[in-house]
Number of protein chains: 2
Amino acid sequence: MPPSSIPEIVIGRLPLYLRTLSRMAAAGKEYTSSHELGQYLGISSAQIRKDLSHFGEFGKQGTGYNIAYLSGQLKRILKLESVWDVALIGVGDLGRAIAHYQGFIDRGFRVAAVYDTDPDKIGMKIGDLAIEDFSKMETDIQKRNIRVAMLAVPFSEAQNVTDILLKAGIKAILSYAPISIKVPSDVHVEYIDPVLHLQKMTFFLDK
Amino acid sequence: MPPSSIPEIVIGRLPLYLRTLSRMAAAGKEYTSSHELGQYLGISSAQIRKDLSHFGEFGKQGTGYNIAYLSGQLKRILKLESVWDVALIGVGDLGRAIAHYQGFIDRGFRVAAVYDTDPDKIGMKIGDLAIEDFSKMETDIQKRNIRVAMLAVPFSEAQNVTDILLKAGIKAILSYAPISIKVPSDVHVEYIDPVLHLQKMTFFLDK
DNA sequence: TAGATTGTTAATCGATTAACAATC
DNA sequence: TAGATTGTTAATCGATTAACAATC
């Protein structure tokens, strides 16, 4: 079954299931059901069962899902069994926060290289990584075979930096720049723009 | 036409249209079309016209949309004609980055108050705001009639803090904590969890 | 005028849900 | 066994798209 036959919206929910299962495991639970998971996430139990059914049969009638087992299967499906090296570009306030964030490693990612153009920043330490010269990024990423990048540069630089990331062989970009970037169809892009979320909510508020 | 009759997925795209129109205006463009907007965003022109048609008629046959006019209308629809005060809770690395972010004000938001529980941080300045004592948050938010909050606390605190925000009258929460929070149905919540985006993309990558 | 583009309708497409036999 | 819950089918629901008359 080729990945492309599975709706992208389903793929998007798997990490949410995994996150919830991890919380349950941390709370000492051993089993859960599609109903309980759905309650927790505000999703129907039928949807959860249907989503999972794209990948196999992971539960047991009567008892539901073994949390450890289902977590393991989701990690396998999402290719999270080993840790992905991620390149971070841009060390402003946001880049610094991302570099310091402790929540990546347990969930399959590691900031493995940090780049900036500012000569004052190059060489500075951030955690135990040295900030590296942006001009070395392309060859460096290529050499280290890094495939995932996070973009925390000003929006005016986003497309330029992206073009270099593409030449370096990056195949997945999480961009914090509030602009659409152009990439070939085999490269995946996700966006984070907090203002879009805020503006969506104000629609529903009384002025 | 009550807001509730408009699909939420449509509301979610309006801020994206607005952002794109702002970029076009900044580039000196005066008119655009549903086709051009769609090209830029990777959305069909029909979808854009349909989305807008929920709210009125903003274009002209033959010439398309006046960018300034449509931007103004979208701002009105999204209630962005004046600036919303936002409370920020949690001044770790992420909270600090959010407090320093310069991209809010032009798009309708202003970090108006910052709270933390750490006695060492209370009183410290962050930009031109003093970090305030979390214990004063509830009455303070109530008094100032703040309705929007951003949550940048550890996930273990997220629900506790949320419960206090609800008592203070907060109606919209943008949470950076990687956990589902429980709120009454008249309160809106949006989430930002970068790891969910990364995990979605690795599904499509070769290991 | 001729060309371009809107707003809207109807058709299509895809996602969600309800229901239930199977079975732990 | 009786109760619970799965995986799956078919029905429903909702969103997207194609097409086009209207008109700038």
Q: Which dot-bracket string describes DNA chain C (Watson-Crick N1-N3 plus N6-O4 or O6-N4, or G-U N1-O2 and O6-N3, all under 3.5 Å; [ ] crossing; | other strand)?
A: ..||||||||||||||||||||||
Q: For DNA chain C, which nucleotides open and close the run of contacts to chain B, 5' to 3', at under 4.0 angstrom from a non-hydrogen atom?
A: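 Contacts span C:dA4 to C:dT9, reading 5' to 3'.
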Q: Using a heavy-atom distance cut-off of less than 4.0 Å, which residues of residues 24-39 of chain A contact DNA chain D?
A: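 Per residue number, the list reads A:Ser33, A:Ser34.
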Q: Assess the residue pair A:Asp93 and B:Arg96 against the criterion (salt bridge (Lys or Arg N to Asp or Glu O under 4.0 Å)); give the C-alpha distance rounded to whole Å, side-chain angles, the decisive distance to 0.1 Å, and a yes or no.
A: CA-CA 8 Å; A:Asp93 289 305; B:Arg96 203 168 289 118; over 6 Å; no
Q: What are the two closest non-hydrogen atoms of A:Ala152 and A:Ile98, and how far apart are they?
A: CB-CD1, 4.2 Å
Q: Please determine whether the number of non-hydrogen atoms from other residues, nucleotides or ligands lying under 6.0 Å from atom NZ of A:Lys200 exceeds 12.
A: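 More than 12 within 6.0 Å, yes.
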Q: Between the side chain of B:Arg23 and the main-chain N/O of B:Leu18, is any donor-acceptor distance below 3.5 Å?
A: no
Q: Indicate yes or no: at least one non-hydrogen side-chain atom of B:Pro178 is less than 4.5 angstrom from one of A:Arg107.
A: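 B:Pro178 reaches A:Arg107 side chain to side chain.
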Q: What I'd like to find out is whether the side chain of A:Leu198 reaches to under 4.5 Å of the side chain of B:Phe104, using heavy atoms alone.
A: yes
Q: How about NZ on B:Lys182, more than 12 heavy atoms from neighbouring residues, nucleotides or ligands closer than 6.0 Å, or not?
A: yes
Q: Please give me the minimum heavy-atom distance between A:Ile141 and A:Leu165, naming the atom from each residue.
A: CD1-CD2, 3.8 Å
Q: Can you list everything that forms a side-chain hydrogen bond (donor to acceptor under 3.5 Å, both in side chains) with A:Asn160? Sequence neighbours excluded, please.
A: none
Q: Could you check A:Gln159 against A:Asp163 for side-chain hydrogen bond (donor to acceptor under 3.5 Å, both in side chains), going step by step and ending with a plain yes or no?
A: CA-CA 6 Å; A:Gln159 187 64 57; A:Asp163 293 341; 2.9 Å; yes
Q: Verify whether one side chain among A:Ser45 and A:Arg49 offers a donor that lies under 3.5 Å from an acceptor in the other.
A: yes
Q: If the plane angle is over 60° it's perpendicular, under 30° parallel, otherwise tilted; pick one for A:Phe204 and B:His188.
A: parallel
Q: Give a yes or no answer on whether the side chain of A:Glu30 reaches the backbone of A:Ala68 with a donor-acceptor pair at less than 3.5 Å.
A: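 Side chain of A:Glu30 to backbone of A:Ala68, a donor-acceptor pair under 3.5 Å: no, none is there.
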Q: Under a 4.0 Å heavy-atom cut-off, which of residues 41-49 of chain A touch DNA chain C?
A: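 Residues of residues 41-49 of chain A under 4.0 Å from DNA chain C: A:Ser44, A:Ala46, A:Gln47, A:Arg49.
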Q: Just by modelled atom types, is the A:Phe203 backbone N or O under 3.5 Å from a matching donor or acceptor in the B:Lys79 side chain?
A: yes
Q: Could you identify which residues of residues 58-74 of chain A place a heavy atom less than 4.0 Å from some atom of DNA chain C, listed by residue number, or say none?
A: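 Hits under 4.0 Å, by residue number: A:Lys60, A:Gln61, A:Gly62.
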Q: Set out, in order, the CA-CA distance, both residues' side-chain angles and the distance that settles salt bridge (Lys or Arg N to Asp or Glu O under 4.0 Å) for A:Lys29 and A:Glu36, then state yes or no.
A: CA-CA 12 Å; A:Lys29 278 181 71 77; A:Glu36 187 179 51; 3.1 Å; yes
